[in-house]
Number of protein chains: 2
Amino acid sequence: MDSALFTKIAKVLADPQRFAILQRIAKDSECPCIKIVEEFPITQATISHHLKELAGAELVEVRREGKCAHFSLRRETLDAYQAELAARLSGLSVGSGKTSE
Amino acid sequence: MDSALFTKIAKVLADPQRFAILQRIAKDSECPCIKIVEEFPITQATISHHLKELAGAELVEVRREGKCAHFSLRRETLDAYQAELAARLSGLSVGSGKTSE
DNA sequence: CGGACAGTTTGATACCCGTCTATGTTGTTT
DNA sequence: AAACAACATAGACGGGTATCAAACTGTCCG
């Protein structure tokens, strides 16, 4: 995973509201946008913004169905992020090929 | 893990420079503050600020030895964070006992 | 077609925070 | 004690961003 995506994911996860939205999406296999708007105490515009960030970080997938949008968690990205996080803090050098330092 | 610490860790990990510092600390079993100041292109004051945040998120431990401070990674906290992250996005209800929804 | 609904985009505002300079504090050395 | 070194703290500044209201785009239905 490249550093740009890694940082983007970390930033996306750092906002409590945005993470709560992601958590809500993860709860079901697929979650309509309307449901999130109904359940959260923030404006629909703000939610749209957060969902765009989540999609930009490749953490959610969007499926359009007429005028409705359905979101689902991309567990592959989440797994890759966790693996990268563990790898970068494992104490082993990961970036280059030098293992003797 | 309580939500306050969870959020604090997520925010602490979100800044690239701060994460780089944490990564540097993780590289050795213990890392003196001076070494970080020498190796990073930011002011000593800023580094001190970041280290305080890292300690506040319980991600690093500080050992004072005279006028020197030595930092080490708290892998327990990192592991707990990763476990919490996975749990919150696993799709299972964790907060209450209802598993049928 | 026209209105109602779902979502996006835009512009503005306010707040958070990373960074700096300058100064303070604590420990060591001469 | 004075001076220096390692680190902490205070205040200020600038950039990023979460949030909102309002306007816009696209879709469905009569």
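Every chain is numbered from 1, with letters handed out A, B, ... down the list of sequences. Worth saying up front: this structure is predicted, and the values here are computed from it rather than measured.
Taking 4.0 angstrom as the limit, R64(B) places none of its side-chain polar atoms (N or O) nearer than this to OP1 or OP2 of dT25(C). One finds a side-chain N or O of S48(A) lying less than 4.0 angstrom from the OP1 or OP2 phosphate oxygen of dT8(C). The phosphate of dT9(D) (OP1 or OP2) has a side-chain N or O of K52(B) nearer than 4.0 angstrom. Look at K11(B) and you won't find any side-chain N or O under 4.0 angstrom from OP1 or OP2 of dC16(C). Of the side-chain N and O atoms in H50(A), one or more sit less than 4.0 angstrom from OP1 or OP2 of dT19(D). At the phosphate of dT19(D), neither OP1 nor OP2 sits under 4.0 Å from any side-chain N or O atom of H49(A).
In this entry the distance linking CZ of R18(A) with P of dT17(D) reads 8 Å, nearest Å. Between the NZ atom of K67(B) and the C1' atom of dT28(C) there is a distance of 5 Å, rounded to whole Å. Across the protein-nucleic acid pair, H70(A) atom NE2 and dA6(C) atom P stand 11 Å apart, rounded to whole Å. dT19(D) atom P lies 12 Å from atom CG of L51(A), rounded to whole Å. When rounded to the nearest whole Å, the span between CZ of F19(A) and P of dT17(D) equals 19 Å. Distance CZ (F40(A)) to P (dC20(D)): 13 Å, rounded to an integer number of Å. In this structure, the CZ atom of R63(A) is 16 Å from the P atom of dA6(C), given to the nearest Å.
Criterion: ILVMFWY side-chain heavy atoms under 4.5 Å apart, direct or through other members. Under it, I34(B) and I36(B) are not part of a common hydrophobic cluster.
Here the side chain of A45(A) is nearest to one of dA5(D), dA22(C), dT9(C), namely dT9(C). In the set dC20(C), dG18(C), dT19(D), dC20(C) carries the atom at the smallest distance from any side-chain atom of T46(B). With distances taken from any side-chain atom of D15(B) to the nucleotides dG18(C), dC20(C), dC7(D), the minimum falls on dG18(C). Among the nucleotides dT21(C), dC17(C), dA18(D), the one closest to any side-chain atom of T43(B) is dT21(C).
Across all strands, I47(B) comes closer than 4.0 Å to no nucleic acid atom at all (heavy-atom distances). I34(A) comes within 4.0 angstrom of sugar-phosphate atoms only, judged by non-hydrogen atoms across all strands, and of no base. Among the protein residues, K35(B) comes within range of no part of the nucleic acid, since none of its heavy atoms lies under 4.0 Å from any strand. A69(A) comes within 4.0 angstrom of the backbone, heavy atoms only, and of no base.
With hydrogens and angles left out, the side chain of Q44(B) and the base of dA8(D) share a donor-acceptor pair within 3.5 Å.
The 5' end of DNA chain D is approached more closely, in terms of each residue's nearest nucleotide, by E53(A) than by the other of E65(A) and E53(A).
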Passes side chain to side chain contact (heavy atoms under 4.5 Å, CB included), M1(B) versus I9(B)? Steps please.
CA-CA 11 Å; M1(B) 169 179 300; I9(B) 294 176; 4.2 Å; yes
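Scanning both residues, R75(B) and S90(A), for their nearest heavy atoms gives NH2-O, 3.7 Å.
When atom types are taken as modelled, the side chain of R18(A) and the backbone of V12(A) share a donor-acceptor pair closer than 3.5 angstrom. The main-chain N or O of Q44(A) is never found under 3.5 Å from a side-chain atom of S48(A) such that the two would form a donor-acceptor pair.
Cation-pi geometry between R88(B) and F6(B) is satisfied (NZ or CZ under 6.0 Å from the ring centre, within 45° of the ring normal).
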